[in-house]
Each structure stands twice: as C-alpha cells, then as structure tokens.
Amino acid sequence: MAEAGSANVRITADDSQAKRTVSGFFAFLKKSSTVATGIASGLSSTMEALLL
C-alpha cells in the first residue's frame with residue numbers, strides 16, 4: 001500500500017510469468033544435472049574398463 005497525496009493506492013503485479021520462468025529454469029538445471037551424472041558415470045565405466 002502506498003500513499004499518493006491523501007489517497008491510498010494499492011499496487012499489484014502479476015508474477016505468474018516470473019514463477020513459470022523460475023520453475024522452467026530449475027527444471028532445466030535438474031535435467032542438466034541428470035545428463036551430467038550419466039556422462040560422468042559413463043566416462044568412469046569406460047576408464048575403469050580401460051585400466052583393467
């Protein structure tokens with residue numbers, strides 16, 4: 001709530017787009033970490049096989 005002269009003014013904002021953007025970003029990070037884990041696991045297995 002803000003005061004403008006003698007009037008009280010309520011300013012609201014629709015933050016649904018920001019929430020979707022943040023949610024999408026975290027979903028991207030989760031997928032990226034899953035892919036990175038798979039790649040690291042594959043490289044580890046390959047290195048282990050080469051060393052044996």
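Just the heavy atoms: all of them, side chains too, but no hydrogens, waters or symmetry mates, feed the values below.
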Result block: side-chain N/O donor-acceptor pairs under 3.5 angstrom for residues 43-52, not counting sequence neighbours:
from	atom 1	to	atom 2	distance (Å)
S45	OG	S41	O	3.1
T46	OG1	G42	O	2.9

State which residues pass side-chain hydrogen bond (donor to acceptor under 3.5 Å, both in side chains) with D14; sequence neighbours excluded, sorted by chain then number. S16

Listed partners of Q17 passing side chain to side chain contact (heavy atoms under 4.5 Å, CB included), at least two apart: R20, T21

For K31, the salt bridge (charged side-chain N to carboxylate O under 4.0 Å, His left out) test, sequence neighbours excluded, returns none

Connected-component partners of F28 among ILVMFWY, side-chain separation under 4.5 Å: V22, F25, F26, L29

